[in-house]
Amino acid sequence: MKQEQAHIDQIRTAFEKMQSREDLLHLLNEVKPLIYGEKTVPFELKQLTWYANPKLSGKRYTEFKITKKSGAQRSIHSPVKGLKAIQKTLAYVLHCVYEPHKAAMGFVRDRSVVDNAKLHIGSKYVFNIDLKDFFPSIDQSRIWKCFQLKPFNLNDVSNDNENKEINLIKTSIRKFITENNEHIFYKINDDKFTLIHDKKGDFFKYKNRLTSHLKKPKLSLTSGNKKAIENLNKYEKDVIECIFNDAYRYILADKNLDSIFKLTPSRLYLSGMIASICCTELDVERKNNVGEWIKVRRNVLPQGAPTSPIISNIVCQRLDFLLSGVAKRFGLKYSRYADDITFSSMHNVYQQDSEFLKELHRIIAEQGFHIKDSKTRLQKDGYRKEVTGLLVNEKVNVQKRYIKQLRMWLYYWERYGYEKASGFFLQQYILDNRNVKKVYPNMENVIAGKLDYLKMVKGADNDLYLGLRSRFDGLSGNSNFLDNLLISWENNGIEEAMNIFYQKKVK
């Protein structure tokens, strides 16, 4: 859907002024008709709070698996209908508010795989890497933090009275931690942390699961081992600070604190709410302290949610900035299409253990991502060079097989008719797309989509495209004519159908 500049400006202004859940609800309901039409039913506040709290809302996603070209399985998590509508509307808002880095080519308005490929035309060396488990490698806490930064600025409000209320919460947390030191460490070992906060005679209890890295280390202490004692003291301070930050974050994001935030609106609360709406708890892989991959349970960005693409670009803003800097330092071109990263140049800096590769691996690890070694490749002059599925040797082009397949399907249609040609088409399509099971595609629709893609790559005035399009239009016109003929026969009888047939024949 094309976004009008007037809508973008209005949404940005409304987002800047947003202070409460009600403001977020109002903004989403202003945007929803732009996506679903004027007759759409507005969201209700209880829907937002329901889907923002996975403990209440139950099953929010349906999981299914598709087979990659490598044969491995990819998990897709499709949100339920109500959540999907909220996420789709929220994604529209985020696209208006956020302007991605110029190196980000995927999921960006007015940018495509063609723009991504064009950047690397004519380079002697093209270096491709993929990021492992791209969406699920982004944790909810990281998204929560990104929404506090520019251009979203979903952080503490500036009003003095409201800041005073928030500072009161902070003071209460620190006081509780200080006065209950032993109790906290006992609770950490039990993998739970309990906080009691007193506000106007009301007591609120919050339980926060703490990960094992907060547990007290077992250090060997002797009377002469001053260094070990210093390390332990420092570690205890770090643990207390970590507990404070974690408790403060969960308090401001906790749905049960509605009574506080009715008195004290907080944009930081909205940051937590939006992050929760966009994430779900999954079993994911993370590296442990010794560099081994282990399975852990985390709230992460799911692949399949409408909000995941734009949020991945938001999270990768720092990555794009740093890798663009590295590219400039080594005289390279850089672009990123989702998890597909490409560098290109006229000189070779991609040798094993080169300064460039060391810097590349350092930045990617520092930003919380990991390179998928099996997808890393260096393409050189004299060979076919490819970027996100398109050839970039001399100009952006599709693979020869792409054109060959289009010509073959059109030939079968011309030679044998649509029904028999569809049988040949489905055999080939199922071989190429192992994910196809019960729902088979329509040949005419697939060919139309492939021609649109060819138009985007080669241009609307390209002779090859125009020739194939002309053949398709002639065939699809005949197909529609026969369909209409049968419909007329059923509805109006054989005589009316024959009149239509002879009129067509005379023309």
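Only heavy atoms go into these numbers, but all of them, side chains included; no hydrogens, no water, no symmetry mates.
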Kindly write out the residues that satisfy ring-ring contact (aromatic ring centres under 6.0 Å, His included) with [X], not counting sequence neighbours, or none if the list is empty.
X	answer
Tyr350	Phe127, Phe356
Tyr337	none
Tyr125	none

Please list all pairs meeting salt bridge (charged side-chain N to carboxylate O under 4.0 Å, His left out) that have one or both residues in [range], counting only residues at least two apart or in different chains.
range	value
residues 388-400	none
residues 133-154	Asp139-Arg286
residues 332-350	Asp320-Arg336

State which residues pass side chain to side chain contact (heavy atoms under 4.5 Å, CB included) with [X]; sequence neighbours excluded, sorted by chain then number.
X	value
Asp283	Arg297
Asn29	Leu25, Pro42, Phe43
Lys102	none
Gln379	Val126, Asn128, Arg377, Lys385, Glu386

request  = Could you note down all residue pairs passing ring pair (Phe, Tyr, Trp, His ring centres under 6.0 Å) where residues 274-303 supplies at least one of them, sequence neighbours left out?
outcome  = Trp293-His370

request  = Return yes if some donor-acceptor pair links the side-chain N/O of Asn53 with the main-chain N/O of Thr49 below 3.5 Å, else return no.
outcome  = no

query = Under the 3.5 angstrom rule, does the side chain of Arg21 hit a backbone N or O of Leu45 as a donor-acceptor pair?
reply = no

query = Going from CZ on Phe15 to CE on Met18, what distance comes out if it is rounded to the nearest 0.5 angstrom?
reply = 4.0 Å

remark   = One should read off an interatomic distance between Ile310 CD1 and Gln87 CD, to the nearest 0.5 angstrom, of 13.5 Å

inquiry  = For a quick check under 3.5 Å, do Ser112 and Asp115 share a side-chain donor-acceptor pair by atom type?
reply    = yes

message = Between Glu292 and Asn288, do the side chains contain a donor N or O and an acceptor N or O under 3.5 Å apart?
response = yes

ask   = Taking only residues two or more places apart in sequence, or in another chain, which ones meet Asp452 in a side chain to side chain donor-acceptor pair (under 3.5 Å)?
value = Arg469

